[in-house]
2 protein chains.
Amino acid sequence: MSITLKDVARFCGVDTSTVSRALHNDVRIKESTKQKVQKAAERLGYRPNIAARLLVEGHSHIFWFLVPTVGTSVDSRISEYASSHAARNGYDTAIVVHHGNQTDFERLTNNMGSGLAAGAIINRRDISDISKIHRLVEKKFPVVFIDVPVDSTNTISITTDNSLASKELVTRCLEAKASRFVLLFDPKRNIVEQYRYNAALDTIARNGAALIDANDPGAVKDFFNQNGTVAVLASAQSEIQAFFRSHAVAEPGLTIVAGCFDDWYGEPNPATTVFVAIQDYRSIAELAVDTLLGIIQGNKMTPMAPIVTLPIAEYRVVHNHFTT
Amino acid sequence: MSITLKDVARFCGVDTSTVSRALHNDVRIKESTKQKVQKAAERLGYRPNIAARLLVEGHSHIFWFLVPTVGTSVDSRISEYASSHAARNGYDTAIVVHHGNQTDFERLTNNMGSGLAAGAIINRRDISDISKIHRLVEKKFPVVFIDVPVDSTNTISITTDNSLASKELVTRCLEAKASRFVLLFDPKRNIVEQYRYNAALDTIARNGAALIDANDPGAVKDFFNQNGTVAVLASAQSEIQAFFRSHAVAEPGLTIVAGCFDDWYGEPNPATTVFVAIQDYRSIAELAVDTLLGIIQGNKMTPMAPIVTLPIAEYRVVHNHFTT
DNA sequence: CTGTTAGCGCTTTCAG
DNA sequence: CTGAAAGCGCTAACAG
C-alpha cells in the first residue's frame with residue numbers, strides 16, 4: 001500500500017487534518033509544524049490519493065479533450081495549446097480519442113459524466129448522434145465544442161470562420177490568375193466542408209471564373225490539358241495530392257495553384273504555389289479553455305453566441321523550389 | 001447533484017448494496033429485482049461515481065499514454081493503436097502531453113502515481129531526468145517505455161530496431177546507386193538518433209561509399225554539384241526538406257535519393273525517390289499494452305528483456321511523379 | 001493553532 | 001436472496 005495522510009500524521013505525531021492543512025499551506029497552521037509535516041511527507045514519499053480528494057470535493061481538475069483522432073493538424077495543435085493554457089489555470093488535460101466511433105464516443109461520454117472530468121472540449125467530427133452530450137449539458141456538465149460546431153442554444157461552439165477563409169483562398173488563387181477551379185470539398189461530409197464549399201462556389205461565380213466538376217473524368221482531363229492557370233482547392237493536402245497524382249500532367253503552358261487548410265508538407269509539385277489557411281489554433285484553444293472555466297465558475301458575465309467564429313491566423317504561401 | 005446508488009435504492013425500496021450487486025450482475029440477486037433495479041437505474045439516469053469506486057477498489061481502469069507532443073506520426077499512431085487495444089481489454093486511455101518539459105513531466109508523473117492511472121506507457125523523448133519514474137516503478141507502479149528506451153534492469157522498453165532500419169535505408173540507397181551520403185541524424189540528441197547515426201555510418205563505411213559532412217558548406221555545395229547519385233538520410237521529412245531547400249539545386253546530371261523514418265507527405269522533389277521506414281506502430285502499441293496488463297496482473301510468466309526491439313513494418317518507396 | 005468528527009459514493013464482508 | 005455496517009483516503013465544518 002502507498003503512504004497516506006494517516007502515515008504522515010502518525011510519523012509526525014499530529015492529526016490527519018493537520019497534515020492535510022499543512023500540505024495545503026493553510027494560514028492557521030504554525031510555520032514550524034508546516035515545515036515538519038512537509039518534510040515528513042516529502043521524505044515518506046506521500047502522494048495524495050486523487051480519488052479520495054475527488055470524492056470529497058466533488059469535482060476534478062482535469063479537462064477532457066475529446067477528439068476523433070490524434071495526428072491531424074487541427075486536433076493536435078489545438079490540444080497542445082489547450083493543455084498548456086489549462087495547466088496555467090491549474091487544470092490538467094487528458095486527450096481522449098473517440099475514433100469517430102459512436103460506441104466509443106458514448107462510453108467516454110459516460111465516463112466524463114462520472115466525475116472524472118471537470119469539463120470537456122469536444123471535436124465531434126465524424127460523430128452524428130450527440131444526444132448523450134446534450135443530456136450531460138442539461139445536467140450542467142461543462143462542455144465546449146470546437147472545430148465542428150453544434151447549432152443549439154444551450155451549447156457553445158468555437159470554430160474558424162470557414163466561409164471567410166474559403167473565400168480568401170479563392171481570392172488568392174484568382175489574384176494568381178487562376179481562371180478555372182476544381183473544388184474537392186465534400187459538402188455532404190460535415191458542416192465545415194459545407195461552409196467551405198459554398199463560400200468557394202459563391203466567390204468563383206461572383207468573379208466569373210469556371211468551375212470544373214472533379215467527378216467528371218472528361219472535364220478533369222480537359223482541365224489539365226489547356227493553357228493558362230488552374231486552381232485546386234480542398235480541406236487537406238492529402239486530397240489535393242491524391243487528385244494531382246491521379247490526374248495531373250506537367251504541361252508546359254499550364255500553371256497550377258492550390259489552396260488548402262491547416263498544413264502543407266513536402267514540395268507542392270506540380271503546383272507552383274499553394275495557399276494554406278492556417279487556423280488560429282492558439283486562440284481557439286485558449287478561448288475554449290477560458291469558456292470552459294467560465295462555465296465551471298458559473299460565470300454568466302459574458303453571454304456568448306452559440307457559435308463563435310475566429311478568423312484565420314495566417315495565409316501561408318508555399319512556393320515550388322524545384323520547378324517542374 | 002447527480003443520481004447516486006442511494007437514490008436508486010430508495011426508488012426501488014431496496015438497500016444500496018442490493019443495487020450495487022444488481023448492477024454488477026451478481027448471481028445471488030433474484031432475476032426480478034435485477035430487472036427492476038436495472039430499469040430504475042436506466043430511467044433515473046444513474047451514473048456510477050468513478051471516484052468513489054476507485055477509492056474502494058484501489059485502482060482505476062485507465063492507462064495514461066505520456067507523450068512529448070501529439071502530432072508526430074510515432075506518437076499519434078501508437079496512441080491510436082494503444083487506445084483501441086486497451087479498450088478491447090477493458091481499459092480507457094488518456095493521452096497526456098508533457099511538452100518535453102521537465103516540470104510538466106514531473107507534475108503529471110505525480111498525478112499518475114495518485115491512483116488516477118492503472119499504469120502508463122511513456123515516451124520520454126526530450127525528457128532528461130526520469131528519476132521520478134524510477135521511484136514510481138520501485139513502488140510497483142506499472143510502466144512501459146516506448147520509442148525512446150531506458151536502459152535499466154527494472155524497466156521495460158519497447159522500440160523499433162533502429163540500427164537495423166537505418167542500415168536497411170542505407171542499403172536501399174546504395175542499391176539505387178548512391179555513392180555519396182549526407183547524414184542528418186543528430187547522435188547527441190537522444191539514443192534513437194544515436195543508433196540510427198551509428199548504423200548508417202557503419203554501413204556506409206563498409207560499402208566504401210563517401211560520407212559528406214552536412215555542416216561543411218563547401219562540402220555540401222560540392223555534394224550537389226557533381227554528377228551521379230547522392231543520398232540524404234534523416235529521421236524526419238522536415239529535416240531532409242529543410243536541407244534541400246537551403247542547399248539543393250536541380251542539376252541535370254545529378255540524381256538525389258533520400259531515406260527517412262515514419263512518413264513522407266507531399267512530393268519528394270528534388271529527390272527522385274524516398275525510402276521511408278514505417279515503424280510497426282500496431283505491434284509496438286499492442287505489445288506495450290499487453291506488457292502493461294501483464295505487470296498489473298503480476299504476470300511474471302514472461303520474463304522480458306529490458307529493451308525489446310521490433311522490426312520495421314514496411315519500407316515504403318515514394319517516387320517523384322512530377323520530375324524536376 | 002490543532003484535534004474531533006462527519007461524510008463524500010461506492011464495494012464488500014458478515015449476518016441473517 | 002437481501003440488509004446492515006464498515007471502510008477506502010481525504011476535506012471541512014465545528015470545537016476548543
ask   = Between B:E80 and A:T69, is there a donor-acceptor pair closer than 3.5 Å when you use the side chain of the first and the backbone of the second?
value = no
note = 5'-most contact on DNA chain C (nearest-nucleotide basis), A:V27 vs B:A51, goes to A:V27
request  = Given side chain to side chain contact (heavy atoms under 4.5 Å, CB included), test A:V148 with A:T159 step by step and report yes or no.
outcome  = CA-CA 7 Å; A:V148 183; A:T159 177; over 6 Å; no
inquiry  = Quick check on the helix from C:dC1-D:dG16 to C:dG16-D:dC1: what's the angle between its two end axes, five base pairs per end, to the nearest 10°?
reply    = 40°
inquiry  = If you count every heavy atom of other residues, nucleotides or ligands that lies below 6.0 Å from B:D151 atom CG, does the total exceed 12?
reply    = no
request  = For B:L5 and C:dT11, give me the distance from atom CG to atom C1', rounded to whole Å.
outcome  = 9 Å
Could you list the protein-to-nucleotides 3-5 of chain D atom pairs, N/O on both sides, closer than 3.5 Å?
from: D:dG3; atom 1: OP2; to: B:D15; atom 2: N; distance (Å): 3.0
from: D:dG3; atom 1: OP2; to: B:T18; atom 2: OG1; distance (Å): 2.5
from: D:dG3; atom 1: N7; to: B:R21; atom 2: NH2; distance (Å): 3.0
from: D:dG3; atom 1: O6; to: B:R21; atom 2: NH1; distance (Å): 3.4
from: D:dG3; atom 1: O6; to: B:R21; atom 2: NH2; distance (Å): 2.8
from: D:dA4; atom 1: OP2; to: B:D15; atom 2: OD1; distance (Å): 3.4

request  = Grab the CZ-P distance between B:R53 and C:dG9 for me, whole Å please.
outcome  = 14 Å
query = Can you tell me if B:K34 uses its side chain to pair, donor with acceptor, with the backbone of B:D26 under 3.5 Å?
reply = yes
query = Roughly, in whole Å, what's the span from CG in A:N25 to P in C:dC1?
reply = 13 Å
Expected output: side-chain B:S60 to main-chain B:L116 donor-acceptor under 3.5 Å = yes
ask   = Closer than 4.0 Å, any side-chain N/O of A:S20 to the OP1 or OP2 of D:dT11?
value = yes
query = Please give, in whole Å, the distance from D:dC10 C1' to A:H24 NE2?
reply = 9 Å
ask   = CG of B:D26 versus P of C:dT11: gap in Å, rounded?
value = 12 Å
Any donor-acceptor pair under 3.5 Å from A:N110 side chain to A:R107 backbone = no
ask   = Are the ring centres of A:Y281 and A:Y81 closer than 6.0 Å?
value = no
Phosphate OP1/OP2 of C:dG9: any B:T4 side-chain N/O under 4.0 Å = no
query = How are the rings of B:H98 and B:F105 set relative to one another: parallel (under 30°), tilted (30 to 60°) or perpendicular (over 60°)?
reply = perpendicular
task = Give the rounded distance in Å between these two atoms: CD of B:E57 and P of D:dG7.
result = 19 Å
Verdict with reasoning, A:V96 to B:D92, per side chain to side chain contact (heavy atoms under 4.5 Å, CB included) = CA-CA 9 Å; A:V96 182; B:D92 284 318; over 6 Å; no
task = Could you check which residues of residues 29-44 of chain B get a heavy atom under 4.0 Å from DNA chain D? Sort them by number, please.
result = B:I29, B:K30, B:T33
inquiry  = Whether the side chain of B:D129 engages the backbone of B:S131 through a donor-acceptor N/O pair (distance < 3.5 Å, no angle test) should be reported.
reply    = yes
key: Distance, rounded to the nearest Å, where B:L23 contributes CG and C:dC10 contributes C1'   = 11 Å
ask   = What's the CG-C1' distance between A:N49 and D:dC10, to the nearest Å?
value = 8 Å
